[in-house]
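Worksheet: one structure, shown below.
Predicted model, so just to flag it, every value in this text is computed and none were measured.
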Amino acid sequence: MPISTSQLLADIQPLLASLAKDAQQSNATWDLFEVLTFGLVAKAARDVGATVDFLDTSGSKATRYLFRSSPGPLANPGRNFIHAEIRFDSLPALEAHNGIWVIGKSFLPHECDCVVLRKDEADAVRVSGRSPLWGTVLLHAECKYYAQPIPFWQGRNFLGLSLDLGWKGGLLLMNRKKATVSQLIGSRKRSALRLQPGNSADRQAVVRLLRRRFLRYEKTGDV
């Protein structure tokens, strides 16, 4: 059964409650699926004690949310996209972004649908104009919104991406789960979860996994 834009927006609203929706924000379901994932990342960080602020490209607190609808650079994005600044006491701050390029171990860029990385790296990127490097990534989520269960090759692509990003916190999210894809991802001890809009149990499962990643950072200070 197709999920309407209104259902996705209903799931997103409590996660980004302090922000209004920008008129330029894409209403495509696959774009809103990435926004939902971003909101769940912010919730998971707050749940384990982090302070989370939504900021615009100038570093000011945002009043509206606008996210990328196609991959682009973190630095000089050309539009006033928002990101989340995540702070734990006595630890380097983090930032969450959607749809940005990250340089992998191969020295090639990859699009990350939703990624959390060190803020000091994001600040360096804003100065230099380059893309952030894989070693500063805490977690990345790939968001696959399809009318049918995702094709098997998407699972292979996800494993290749995770390998080039150093196996660091990779999570595949799909609105329609496919057993063979889940089996493939699980065989490499990666995580593949269903995130069906409107399904509170799916949202809670995703948040639980993200909390564990943030708790590990809180304990070790390592990305």
Discussion item. With side-chain hydrogen bond (donor to acceptor under 3.5 Å, both in side chains) as the criterion, how do Glu34 and Tyr145 come out once you've worked through the C-alpha distance, each side chain's angles and the decisive distance to 0.1 Å?
Written reply: CA-CA 9 Å; Glu34 293 184 12; Tyr145 188 96; over 6 Å; no
*Test log, rule ring pair (Phe, Tyr, Trp, His ring centres under 6.0 Å), inputs Phe38 and Phe67*: CA-CA 10 Å; Phe38 177 95; Phe67 294 92; 4.7 Å; yes
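A salt bridge does not link Glu121 to Arg126: none of the charged nitrogens lies less than 4.0 Å from a carboxylate oxygen.
We find the NZ-CG distance between Lys43 and Leu15 to be 7.5 Å, quoted to the nearest 0.5 Å. Separating the CG atom in Leu171 from the CG atom in Leu210 is a distance of 6.0 Å, to the nearest 0.5 Å. Separating the CG atom in Leu9 from the OG1 atom in Thr5 is a distance of 6.5 Å, to the nearest 0.5 Å. Residue Lys119 holds its NZ atom at 10.5 Å from CG of Leu94, rounded to the nearest 0.5 Å. Remark: Arg118 CZ to Leu133 CG distance equals 12.5 Å, nearest 0.5 Å.
Two residues are said to be in side-chain contact when any heavy atoms from C-beta on lie closer than 4.5 Å; Ser60 and Leu55 fail this criterion. Leu91 places a side-chain heavy atom less than 4.5 Å from the side chain of Tyr217. In this structure, the side chains of Val223 and Val137 stay at 4.5 Å or more apart for every pair of heavy atoms. A heavy-atom distance below 4.5 Å is not found between the side chains of Leu195 and Met174. When side chains are defined from C-beta on, Ser69 does not count as touching Trp30, because their heavy atoms never get closer than 4.5 Å. No side-chain heavy atom of Leu138 sits less than 4.5 Å from a side-chain heavy atom of Leu117. Counting heavy atoms from C-beta on, the side chains of Leu173 and Lys144 never come closer than 4.5 Å. Proximity of Val207 to Asp47: side-chain heavy atoms (C-beta onward) are separated by under 4.5 Å at one or more points.
Shortest non-hydrogen contact noted between Glu111 and Gly99 is OE2-CA, 4.3 Å. The shortest non-hydrogen separation linking Ile86 to Ala50 is CG2-CB, 3.8 Å. Nearest heavy atoms, Gly104 versus Trp134: C-CD1, 3.5 Å. The two residues Leu165 and Cys112 have their closest heavy-atom pair at CD1-SG, 3.8 Å.
Cluster partners of Leu66, by chain and number: Phe81. The rule joins Ile, Leu, Val, Met, Phe, Trp and Tyr whenever side-chain heavy atoms lie under 4.5 Å apart.
Side-chain contact, Gln148 with Arg176: no donor N or O sits under 3.5 Å from an acceptor N or O. A donor and an acceptor atom, one from each side chain of His97 and Glu95, are located under 3.5 Å apart.
Classified by interplanar angle (parallel below 30°, tilted 30° to 60°, perpendicular above 60°), the ring pair Phe158/His140 is tilted.
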Sequence neighbours left out, cut at 3.5 Å: what donor-acceptor pairs do the side chains of residues 181-194 make with other protein atoms?
residue	atom	partner	partner atom	Å
Ser182	OG	Lys178	O	3.3
Ser187	OG	Leu184	O	2.6
Arg190	NE	Arg188	O	3.4
Arg190	NH1	Trp167	O	2.9
Arg194	NE	Asp202	OD2	2.8
Arg194	NH2	Asp202	OD1	3.3
Arg194	NH2	Asp202	OD2	3.3

